[in-house]
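What you are looking at is a predicted structure, and each value in this text was computed from that prediction instead of being measured. Each ligand, and each atom within it, is numbered from 1 in the order the structure gives.
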Amino acid sequence: MNIPLKTLESPAGDVFAAGLEGIVAAETVLSHVDGAAGRLVLRGHQLEQLADWSFEAVLALLWRDLARENLDETQIRLRLGAARVVAFERMTSALPALDGLSQVEALRLLLSLLPDVETECHHLVAVASVPVFAAAIARRGRGLDPVRPDASLGAAADFLRMLHGAEQGPEKVRALETYLVTVADHGLNASTFATRVIASTQAGLFSSVIGGLCALKGPLHGGAPGPVLDMLDAIRSEENIAPWLTEALDRGERLMGFGHRIYRVRDPRADALKRAVSALRDTGGRIGFAEKVEAQALALLAERKPLRPLQTNVEFYTALLLEAVGFPRESFTNVFAAGRMAGWTAHVLEQDRVGRLIRPQSRYVGRMPA
Ligand code: COA
């Protein structure tokens with residue numbers, strides 16, 4: 001069946017836009033994506049200002065005046081630590097059920113163990129649980145036992161500790177923290193919209209954020225950073241960068257980690273992550289190599305598509321950063337979920353305040369009865 005891909009107005013005056021492109025479906029105080037200016041604003045702060053904040057400080061910012069109790073950064077850090085320990089206890093007996101599932105399917109299963117009981121701190125429990133589950137799932141993929149959380153650490157430091165089985169250096173912790181902050185919220189992206197739709201039915205916070213995770217799982221949303229590493233693997237050597245990229249473009253392929261639907265200038269998240277990745281240059285990995293690939297890719301794209309500004313997007317440096325701090329690429333979507341859970345929970349809290357069921361209409365284009 002042919003689905004119209006542009007905005008159409010029917011004789012009745014209703015407007016349809018495929019993919020809801022350009023349609024405003026919610027008002028929010030949480031974040032603003034300005035694609036033309038290359039700007040991301042979270043509750044009055046530009047992303048560049050937040051990139052050095054702790055993840056807990058950003059949670060305090062997002063949840064402020066939406067949760068029943070306003071907690072500061074220190075209180076959130078303490079409560080998240082305690083909630084990680086509870087999540088670990090809850091998880092251990094469920095681990096055998098994860099066999100045969102992909103890492104994101106395993107996270108979906110573990111999150112579904114959390115009951116939709118209305119409590120004052122369910123948003124905290126959701127954010128605390130993801131790193132515990134994601135680290136255990138990644139270790140299980142390597143045949144390793146899960147590592148018990150250390151409630152005294154910050155969320156990013158403990159996430160890496162639970163992944164590796166030992167505390168990691170401050171550069172790696174800072175890099176992961178910057179990543180979690182950078183992806184915390186991003187307007188009404190597909191997973192956040194899905195989360196808000198479910199929240200609007202009053203199904204409960206965990207049901208809502210699990211819906212968000214299901215939307216994030218798709219390759220058009222949260223599943224993209226893996227292919228950037230596949231591209232770097234395929235290029236292999238510096239001499240091969242230009243020939244490989246040229247041949248890929250000649251075949252009409254897209255270069256992974258470049259271009260964006262909304263940003264027409266540089267994605268501000270790519271810059272924040274590039275700075276964080278640069279600090280890891282001395283810890284090994286292929287950051288220098290990737291920067292050379294980026295430079296040549298941008299030059300080739302500018303030459304081939306002079307009318308279409310194609311810049312580095314968030315996925316390029318996400319892939320490098322998560323690889324440099326030690327996450328296997330199969331776990332990248334789960335790490336994304338650990339950061340985006342901040343936004344999902346804040347949107348659930350905001351949607352609860354709106355209190356209006358999200359129920360748009362469809363336009364019937366099928367046959368009518370005779
Ligand atoms: N490499 C090469 N060419 C690209 C490109 C890329 N990464 N991204 C877009 N283009 C080209 C298209 O081929 C098209 O060229 P044409 O007009 O000559 O046919 C033009 O730019 C417009 O493409 P379009 O699909 O309309 O752009 P979009 O804004 O809808 O696409 C993406 C956005 C992200 C889907 C697209 O840039 C892409 O596929 N990027 C690679 C995958 C990626 O990095 N995904 C993560 C996104 S955060």
Counting heavy atoms only, which part of Leu310 comes closer than 4.0 Å to ligand 1: side chain, backbone, both or neither? side chain
Heavy-atom pairs closer than 4.0 Å: do any link ligand 1 to the side chain of Asp267, the backbone, both, or neither? neither
Just go through [options] and tell me whose heavy atom is the nearest to [atom].
{"atom": "atom 42 (C) of ligand 1", "options": "Gln311, Arg308, Met256, Glu315", "value": "Met256"}
{"atom": "atom 34 (C) of ligand 1", "options": "Pro227, Gly259, Gly35", "value": "Gly259"}
{"atom": "atom 18 (O) of ligand 1", "options": "Lys305, His221, Glu21", "value": "Lys305"}
{"atom": "atom 2 (C) of ligand 1", "options": "Ile262, Leu301, Leu300, Thr312", "value": "Leu301"}

Does the ring centre of Phe327 sit less than 6.0 Å away from the ring centre of Phe332? no
Using ring centroids (six-membered ring only for Trp), state whether Tyr263 and His186 fall under 6.0 Å. yes
Is there a donor-acceptor contact under 3.5 Å from the side chain of Ser207 to the main chain of Gly204? no
Sort and list the pairs that fulfil salt bridge (Lys or Arg N to Asp or Glu O under 4.0 Å) and have at least one residue in residues 328-337, not counting sequence neighbours. Asp230-Arg329, Asp233-Arg329
Provide the number and element of each atom of ligand 1 under 4.0 Å from a heavy atom of Gly257. 43 (C), 44 (O)
Does some side-chain heavy atom of Leu300 sit less than 4.5 Å from a side-chain heavy atom of Phe258? no
With a sphere of 6.0 Å drawn around CZ of Arg251, does it hold more than 12 non-hydrogen atoms of other residues, nucleotides or ligands? yes
